[in-house]
Amino acid sequence: MRVLKMCAGIALLTALLLLIGCGGYESGSLVRQPVDTGKLKLGYSGSSALIGLRERGDLEARLAEQSLSVTVEWYHYDDDASLFQAVEEGRVDMVAVGDAVPALLHREDASLIYLAVEPANPAAYAIVVPLDSDLFAAADLKGKRVAYAPASNEHLLLLQALDSAGLSQSDVKSKKLAPADTLRSLERREADAWAVAEPELSRIEPLGIRIVADGSISVAQRDIYVTTPESLEGRELLLQLAIDTISSYEDWVMEQIHDAAELLSDLSDIEHASWLSSFDRKSYGTAPLLASIVQEEQQMADAAAMLSGRPRSVDIQSFIRDWRPER
């Protein structure tokens, strides 16, 4: 019976990932778009705090200071899976995605490079139900509708929560959810439970929710900045400047939380107070991929492969390169 459940879960996961789309893949081979060296294409998903950096124009100002004739372009995607596919195909140069996304979706023929990592944020992920729900633990999810973004950190949290209760994905009714639609989905009770991440977690909190599992049980707790060898080659200084600018902006977010919340509330459908709540749960900042972090990421990738049914786990070390230019 357990084997049958696992097979059904693998089939369901495969079907969900197919919903994400095939984009630039032809006959099973990757078709990566050529790099436009006159542009720096940055991708973000959902209600990312990077919308504040886009609005402030910090990166454009830094490029002008360095007399770099590069146009910055920002591209929005509904979820991390679509965003990750965009960088694999070369439609964008650099993205920040949840660390479970490459572990669940990476193609072996799509070489990637990890540029930097954000802090671990276990409190930024949760499986929630309405306060009047009769669901109180992961075991109660059996047979229930659970909404989440496929191939995301929230997805891996769900897989781990179910596994901890002796269940698998085949034991729940999976519903695909774009993060920005979480509030509407909860208001309409389109599911029985929702696997969510910040800032959507804080956005829906005023509706009245109960957390039945949080990111402390999950190995996927970070965002990773990802690029391709083609986008990086000969542009190391440019991407270093981008990472440094993002780091400075995120330092500002953490130091000036009210100003940051005001800016982000003006740019999104999320209120000032909800952004402040989000900052309590999620820390920002960038750091290199230290050996200890790489080890943690490999453990996460191994867990993702085991729970999702991938034939083998992603080799995180293959994404690591000493790419930073000398100062």
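The analysis underlying the following values was restricted to heavy atoms, covering all of them including side chains, and did not include hydrogens, waters or symmetry mates.
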For [X] and [Y], test the side chains for any donor-to-acceptor distance below 3.5 angstrom and give the result as yes or no.
X: Ser164; Y: Gln160; result: no
X: Trp323; Y: Thr227; result: no
X: Gln240; Y: Glu236; result: no
X: Ser265; Y: Glu271; result: no
X: Ser202; Y: Ser277; result: yes
X: Asp58; Y: Tyr249; result: no
X: Thr228; Y: Ser231; result: yes
X: Gln33; Y: Arg91; result: no
X: Asp79; Y: Ser45; result: no

* **Criterion side-chain contact (heavy atoms from CB on, under 4.5 Å) on Ile127 and Leu157, from CA distance to verdict** => CA-CA 8 Å; Ile127 300 173; Leu157 168 60; 4.0 Å; yes
Using a strict threshold of under 4.0 Å (side-chain N to carboxylate O), is an ion pair present between [Y] and [X]?
X: Glu108; Y: Arg312; result: yes
X: Arg222; Y: Glu297; result: yes
X: Arg235; Y: Glu230; result: no
X: Asp132; Y: Arg189; result: yes
X: Lys39; Y: Glu73; result: yes

How many angstroms lie between atom [atom1] of [X] and atom [atom2] of [Y], to the nearest 0.5 angstrom?
X: Ile113; Y: Leu289; atom1: CD1; atom2: CG; result: 11.5 Å
X: Glu88; Y: Arg107; atom1: CD; atom2: CZ; result: 7.5 Å
X: Leu68; Y: Leu40; atom1: CG; atom2: CG; result: 10.5 Å
X: Gln169; Y: Ser174; atom1: CD; atom2: OG; result: 4.0 Å
X: Lys41; Y: Asp36; atom1: NZ; atom2: CG; result: 5.5 Å
X: Leu238; Y: Asp93; atom1: CG; atom2: CG; result: 8.0 Å

* To do: Kindly determine whether Val314 and Leu104 satisfy side-chain contact (heavy atoms from CB on, under 4.5 Å), including the steps that lead there.
  => CA-CA 8 Å; Val314 170; Leu104 292 168; over 6 Å; no
Tell me whether the count of non-hydrogen atoms from other residues, nucleotides or ligands lying under 6.0 Å of [atom1] in [X] goes above 12.
X: Arg56; atom1: CZ; answer: yes
X: Glu233; atom1: CD; answer: no
X: Glu187; atom1: CD; answer: yes

Side-chain heavy atoms of [X] within contact of [Y], under 4.5 Å:
X: Asp223; Y: Val97; answer: no
X: Leu83; Y: Asp78; answer: no
X: Pro102; Y: Phe84; answer: yes
X: Glu55; Y: Asp266; answer: no
X: Thr245; Y: Leu241; answer: yes
X: Tyr44; Y: Arg54; answer: yes
X: Val172; Y: Lys142; answer: no
X: Pro229; Y: Arg321; answer: yes

* Quick one: ring-ring contact (aromatic ring centres under 6.0 Å, His included) pairs with a partner in residues 95-120, sequence neighbours left out? -> His106-Phe319, Tyr114-Phe319
Can you tell me if [X] uses its side chain to pair, donor with acceptor, with the backbone of [Y] under 3.5 Å?
X: Asn121; Y: Ser283; value: yes
X: Asp259; Y: Gln256; value: no
X: Gln221; Y: Ala120; value: no

* Would you please test Asp251 and Tyr284 for side-chain contact (heavy atoms from CB on, under 4.5 Å) and show each step? => CA-CA 7 Å; Asp251 287 346; Tyr284 293 91; over 6 Å; no
* To do: Go through the steps for Ser247 and Asp244 under the test side chain to side chain donor-acceptor pair (under 3.5 Å), then give the verdict.
  => CA-CA 5 Å; Ser247 182; Asp244 289 346; over 6 Å; no
* Stacked cation flag Arg210 on Phe136, 6.0 angstrom / 45 deg -> yes
* To do: For Ile257 and Val253, work out which heavy atoms get closest and say how close.
  => CG2-O, 3.3 Å
* Minimum-distance pair of heavy atoms, taken over all atoms of Ala301 and Ser313 -> O-CB, 3.5 Å
* Asked: By the rule that ILVMFWY residues connect when side-chain heavy atoms come within less than 4.5 angstrom, directly or transitively, which residues belong alongside Trp194?
  -> Val128, Leu177, Leu183, Leu186, Val196, Leu201, Ile204, Leu207, Ile209, Ile211
* **Verdict with supporting geometry, Leu115 and Met94, side-chain contact (heavy atoms from CB on, under 4.5 Å)** => CA-CA 9 Å; Leu115 297 171; Met94 187 176 78; 3.3 Å; yes
* To do: Assess whether side chain to side chain donor-acceptor pair (under 3.5 Å) is satisfied between Tyr225 and Glu118, documenting all intermediate values.
  => CA-CA 8 Å; Tyr225 287 89; Glu118 291 200 344; 2.9 Å; yes
